[in-house]
Amino acid sequence: MKKAKIHFKPSGNWMNDPNGFLYYQGKYHLFYQHFPYAPVWGTMHWGHAVSEDLVNWEHQDVALFPTKYEDQNGCFSGSAVEHDGRMYLYYTGVHYNAVDRDNIHLCPGQQFEACQMMISSDDGFHFDNFKDKTVIIPCMGEGENGDRTHTRDPKVWRGENAWYMLIGSKDSDGNGQLLIYKSENLTDWEFANYVPGRNGFGQMWECPDYFETEGGKVLVISPMQLMRDGKKDADQTICMLVDFEEDTCEMRLPGSYEFIDQGLDLYAAQSTEDAQGRRVMLAWLRMPEAVDGAWSGMCCIPRVVEVKDGHVYFRVHPDIERQFTRRIASPAEADEAGYRVSLDLEDGESIGIGGYWIFRRGCHICTDRTGVFAGHDDYRMQFMTPELKDGCHLDIYVDRNLVEVYVNRGEYVVSNAVYGLGDEIKVDAKAVPQIDTLA
Ligand code: FRU
């Protein structure tokens with residue numbers, strides 16, 4: 001089977017959201033939204049890969065594919081949990097109202113129905129798509145808790161005394177909202193509460209994720225049309241510190257949010273607990289163009305999520321950080337899986353990585369991908385972090401199609417898709433950058 005290293009990429013064709021990310025029986029399992037026939041979005045399958053170290057990924061057979069009336073047109077996003085040695089996958093089954101006779105992989109008028117489904121496996125590798133799928137939450141009818149079409153992406157976790165599920169949805173005013181369900185046995189689910197929508201927070205909250213860390217409880221959502229960005233409406237992934245009461249299933253949201261990444265290209269993040277109990281998160285890098293006409297979509301580096309003083313940090317997972325041990329003089333000597341450039345920037349200084357520019361302006365890091373993103377004028381080219389607390393250390397992880405700028409070890413991250421990155425590094429700074437690649 002083929003492999004991917006550092007940055008997860010599909011074995012070919014299309015990927016979007018990471019799904020069912022889980023450390024299970026000694027391996028990280030990563031499923032993902034996959035169209036196996038072309039590098040474009042289409043009838044969704046769950047692609048599958050495993051890794052022992054979050055560095056090397058081995059592609060597996062497709063795990064989920066349409067077999068039932070309810071998921072005839074796609075197995076949409078969802079999550080995984082382990083219980084008594086079994087792996088349980090939760091996902092959204094999609095059935096289109098009509099058929100597009102020219103391309104059965106597209107949905108006429110975006111009219112479809114969605115329900116929540118489950119399948120389990122005793123080894124995490126074998127899924128009987130014909131026998132083992134069940135509908136756990138049927139498609140919503142008129143007047144029911146959620147929207148018939150836009151109710152999806154179940155995220156399940158174990159609480160103190162029960163299992164909980166968050167589902168993305170939208171309310172009758174067209175604002176994003178979440179539904180919370182509760183279960184004693186992972187199979188029978190009861191509606192427990194809403195996380196009510198609000199104006200200005202997007203129209204449909206996709207891919208919810210929720211977890212507790214030492215510094216606070218974090219909700220991650222991907223609201224559609226959160227903002228107008230450049231010439232387009234932009235769906236963005238955001239996070240915020242919330243209150244959640246298990247007994248009442250009441251979740252209280254603050255009035256403001258942070259982006260998970262300042263590059264605004266990452267979407268549909270999903271997290272799990274790593275082998276040491278840290279919270280580790282992945283997200284899909286949206287790419288406007290397939291690479292070599294062969295594949296589209298990849299994941300950012302798995303990031304450890306921590307909350308300090310009310311701010312959410314995203315730092316490179318240590319298992320990945322420690323792979324970059326070979327000092328090199330130029331990117332031309334780098335391993336295929338990329339390299340890291342580290343330096344401190346003073347106010348007014350800059351560094352150019354193969355045509356991608358990073359500047360410090362006062363207490364902000366700004367980036368500009370104009371030179372390595374030709375032909376995509378509809379997209380935003382320049383990015384800026386909020387104000388940094390103290391100093392400015394950069395660890396810039398560079399792959400052929402993705403630059404990730406970690407500022408102050410995760411205080412902020414700016415990640416951008418790029419095309420045609422060069423091999424030269426230009427520095428206008430006092431510090432001498434260190435370049436490291438894989439051993
Ligand atoms: C987010 C999303 C999810 C959905 C999936 C379909 O990118 O739209 O809400 O389940 O992708 O591929």
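Every heavy atom of this structure was used, including side-chain atoms; hydrogens, water molecules and symmetry mates were not. Both counts, for ligands and for their atoms, begin at 1 and track the order of listing. Keep in mind the model is a prediction, meaning the values are calculated, not measured.
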Residue selection (non-hydrogen contact nearest atom 11 (O) of ligand 1) among Asn19, Asp17, Thr237, Asp235 |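 Of the listed residues, Asp17 has the closest heavy atom.
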Return the closest protein heavy atom for [atom] as residue, atom name and distance.
atom: atom 6 (C) of ligand 1; result: Gln33 OE1, 3.2 Å
atom: atom 8 (O) of ligand 1; result: Glu206 OE2, 2.7 Å
atom: atom 10 (O) of ligand 1; result: Asp153 OD1, 2.6 Å

Arg152 N/O to ligand 1 N/O under 3.5 Å =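 Indeed, backbone or side chain, Arg152 has an N or O that close.
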Is there any N or O on Trp284 that sits under 3.5 Å from an N or O of ligand 1?
->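 There is no such contact.
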Between Glu273 and Arg278, is the closest basic N to carboxylate O distance under 4.0 Å?
->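 Judged by the 4.0 Å cut-off on N to carboxylate O distance, Arg278 and Glu273 do not form a salt bridge.
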With a 4.0 Å cut-off, would you call Lys217 and Asp243 a salt bridge?
->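 Result for this pair is no, no salt bridge flagged.
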Is the closest heavy-atom distance from Asn16 to ligand 1 below 4.0 Å?
->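 It does, in that a heavy atom of Asn16 comes within the 4.0 Å cut-off of ligand 1.
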Check: Ser271 main-chain N/O paired with Asp209 side-chain donor or acceptor under 3.5 Å |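 Checked: pair present.
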For the residue pair Val81 and Trp163, establish whether any side-chain heavy-atom pair is separated by less than 4.5 Å.
->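 With C-beta onward as the side chain, the pair touches.
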Would you say Glu289 has more than 12 foreign heavy atoms packed within less than 6.0 Å of its CD?
->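 Atom CD in Glu289 is packed in, count exceeds 12.
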Interfacing atoms of ligand 1 (cut-off 4.0 Å, heavy-atom, [X]):
X: Ser77; result: 5 (C), 10 (O)
X: Met44; result: 12 (O)
X: Tyr267; result: 1 (C), 7 (O)

Ring centroid separation Phe324 to Tyr397 under 6.0 Å =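 So the answer is yes for these two rings.
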Go through the structure and list residues passing ring pair (Phe, Tyr, Trp, His ring centres under 6.0 Å) with His376, not counting sequence neighbours.
->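 Counting only residues at least two positions away or on another chain, His376 forms a ring pair (Phe, Tyr, Trp, His ring centres under 6.0 Å) with Phe373, Tyr419.
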